[in-house]
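These notes concern the structure reproduced below.
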Amino acid sequence: MSRDTATERAIPLPPLSELHIDPHSYPDGVAFLDGQYLPMSQAKISVLDWGFLHSDATYDTVHVWDGRFFRLDLHLDRFFGGLEKLRMAIPFDRDSVAEILHDCVALSGHRAAYVEMLCTRGASPTFSRDPRQAINRFMAFAVPFGSVANAEQLRRGLNVAISDKVRIPPASVDPAIKNYHWLDLVRGLYDAYDRGAETALILDFNGNVAEGPGFNVFCVKDGKLSTPAVGVLPGITRRTVFDLCAEAGLSATAADVSVAALKAADEVFITSTAGGIMPVTVIDGIPVADRKVGAITSRLMALYWQRHADPAWSSPVSYSNSRK
Ligand code: PLP
């Protein structure tokens with residue numbers, strides 16, 4: 001992608017002085033909304049937007065680590081796939097979206113960032129109930145990198161509770177369309193907090209383990225990995241675990257994972273763009289195996305972060321527009 005002069009740009013960059021950030025109200029970051037780059041504090045949408053009123057939206061989140069996007073192509077594939085399935089259209093092609101994401105990161109100056117692209121159904125000028133009359137709205141933003149697990153949890157493993165809440169079934173909402181239907185996940189989180197856990201896993205419609213708020217889950221038994229096959233977002237980090245396992249000669253399959261199998265595993269970890277591969281060492285108050293972060297989990301965590309410098313899987317952010 002070219003990072004050319006201002007005259008060749010479809011979208012003008014703002015004077016850097018206008019991107020003053022109020023660190024007390026909003027995360028330090030830059031958004032793209034309605035054709036403009038803005039500080040996060042000014043990135044606002046209408047209360048009549050169907051994205052807000054009906055959760056009618058799709059999005060994707062990619063991260064930047066040490067100044068490089070990680071697997072951006074896969075995130076763009078998933079985002080454009082979601083747009084098509086939801087019959088949404090945006091006035092930007094793939095290269096333009098990539099350019100906007102680069103600009104948000106560059107203008108923010110962050111070298112480790114959480115970068116979101118999203119599209120809402122939008123609003124119709126007449127407040128029509130017909131979604132075809134809504135004007136779809138694309139936006140993007142870059143804020144500091146965040147992780148599901150903090151540094152201490154990464155070291156000692158997360159304490160997770162399995163809630164009895166059921167993830168919205170695929171027959172209702174195709175989980176491959178990354179979406180904001182999170183009421184099931186948020187209810188699961190409150191169940192977990194009530195039980196003294198740090199985060200939650202919820203179930204699929206057959207009572208097997210599905211996923212958690214913003215992450216997939218894997219278990220390791222006798223050296224073999226498995227992760228739930230149905231009713232879950234096909235996570236890019238989950239896919240990366242499959243790719244790393246193929247390279248490392250480890251067996252990894254997508255299959256039903258029962259609650260009992262998860263609790264009897266030798267190792268458990270969760271995966272997300274927000275944090276990568278993160279160990280779980282307590283489930284429902286009971287230690288996973290010996291409560292230590294397992295050898296396979298540790299090995300995959302190391303490989304995962306090593307690959308962030310690999311040009312085959314990562315691409316440098318162009319910081320020529322950086323405000324810092
Ligand atoms: N499952 C859900 C419900 C999510 O929202 C996410 C990420 O936000 C994931 C799984 C993990 O997906 P990825 O690895 O692409 O970040």
Side-chain angles (χ1 to χ4, degrees), residues 51 55 57-65 69-82 101 112-119 140-143 145-149 154 158 160 162-163 165-170 172-189 192 199-205 208-219 225-245 252 254 257 262 268-280 297 300-301 303-305 307-308 313-314:
S55 201
T58 188
Y59 75 112
D60 216 288
T61 307
V62 55
H63 70 222
V64 165
W65 190 254
F69 278 103
F70 188 61
R71 310 200 88 175
L72 177 57
D73 280 346
L74 297 181
H75 289 277
L76 289 169
D77 287 347
R78 191 169 63 181
F79 180 60
F80 276 90
L101 300 180
Y114 180 96
V115 187
E116 193 157 321
M117 62 201 99
L118 63 120
C119 184
F141 59 84
V143 292
F145 180 80
S147 172
V148 175
L154 286 172
L158 284 153
V160 171
I162 303 177
S163 159
K165 302 298 177 289
V166 173
R167 188 70 173 123
I168 191 166
S172 303
V173 175
D174 176 354
I177 305 169
K178 194 166 155 64
N179 63 70
Y180 295 122
H181 291 281
W182 268 46
L183 296 187
D184 43 12
L185 294 165
V186 171
R187 290 176 72 209
L189 260 183
T199 191
L201 285 164
I202 67 171
L203 305 177
D204 72 13
F205 49 93
N208 293 309
V209 177
E211 61 185 344
F215 52 83
N216 296 111
V217 62
F218 281 78
C219 63
L225 290 85
S226 46
T227 187
V230 295
V232 299
L233 175 76
I236 308 290
T237 323
R238 174 179 180 269
R239 149 94 187 256
T240 299
V241 169
F242 279 109
D243 293 341
L244 291 173
C245 285
V257 174
L262 197 77
V268 175
F269 60 84
I270 60 169
T271 60
S272 174
T273 296
I277 297 171
M278 297 163 276
V280 171
T297 306
L300 289 171
M301 286 170 79
L303 289 172
Y304 175 79
W305 289 108
R307 295 303 292 268
H308 281 63
W313 281 13
S314 67

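Because only heavy atoms are used, hydrogens play no part in the values below, and waters and symmetry mates are left out as well, while side chains stay in. We count ligands from 1, going down the list as the structure has it; atoms in each ligand are counted the same way.
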contact_flag [X] ligand 1 heavy-atom lt 4.0 Å:
| X | value |
| --- | --- |
| Tyr180 | no |
| Arg167 | yes |
| Arg239 | no |

Option whose closest heavy atom lies nearest to [atom], chosen from [options]:
| atom | options | value |
| --- | --- | --- |
| atom 4 (C) of ligand 1 | Pro234, Ala274, Ala210, Gly214 | Gly214 |
| atom 11 (C) of ligand 1 | Asn216, Ile277, Val148 | Asn216 |
| atom 14 (O) of ligand 1 | Val241, Ile270, Thr237 | Thr237 |

ask   = Are Lys165 and Asp184 ion-paired here, with the side-chain N under 4.0 Å from a carboxylate O?
value = no
query = Less than 6.0 Å separating the ring centroids of Phe70 and Tyr304?
reply = yes
Under a 4.0 angstrom heavy-atom cut-off, which atoms of ligand 1 come close to [X]?
| X | answer |
| --- | --- |
| Arg78 | 15 (O) |
| Gly235 | 12 (O), 13 (P), 14 (O), 15 (O) |
| Trp182 | 5 (O) |
| Thr273 | 13 (P), 14 (O), 15 (O), 16 (O) |

key: Contact check, side chains of Trp65 and Ser314, non-hydrogen atoms, under 4.5 Å   = no
task = Please say whether Lys178 places an N or O atom under 3.5 Å from an N or O atom belonging to ligand 1.
result = yes
task = Taking all non-hydrogen atoms of both residues into account, name the closest pair between Leu154 and Ile277 and its distance.
result = CD2-O, 4.3 Å
remark   = Note: Leu203 and Ile162 closest approach over all heavy atoms is CD2-CG2, 3.8 Å
request  = Around atom 15 (O) of ligand 1, find the nearest protein heavy atom and jot down its residue, atom name and distance.
outcome  = Ile236 N, 2.8 Å
ask   = Closest non-hydrogen protein atom to atom 1 (N) of ligand 1, residue and atom name please, with distance?
value = Glu211 OE1, 2.7 Å
message = If the test is side chain to side chain contact (heavy atoms under 4.5 Å, CB included), which one of Val217, Val148, Thr240, Thr237 qualifies with Thr271?
response = Thr237
message = Would the distance check show the side chain of Asn216 and the main-chain N or O of Leu233 forming a donor-acceptor pair, the cut-off being under 3.5 Å?
response = yes
message = I'd like to know if the side chain of Thr58 and the backbone of Lys178 have a donor-acceptor N/O pair within less than 3.5 Å.
response = yes
query = Does Arg187 CZ have over 12 foreign heavy atoms under 6.0 Å away?
reply = no
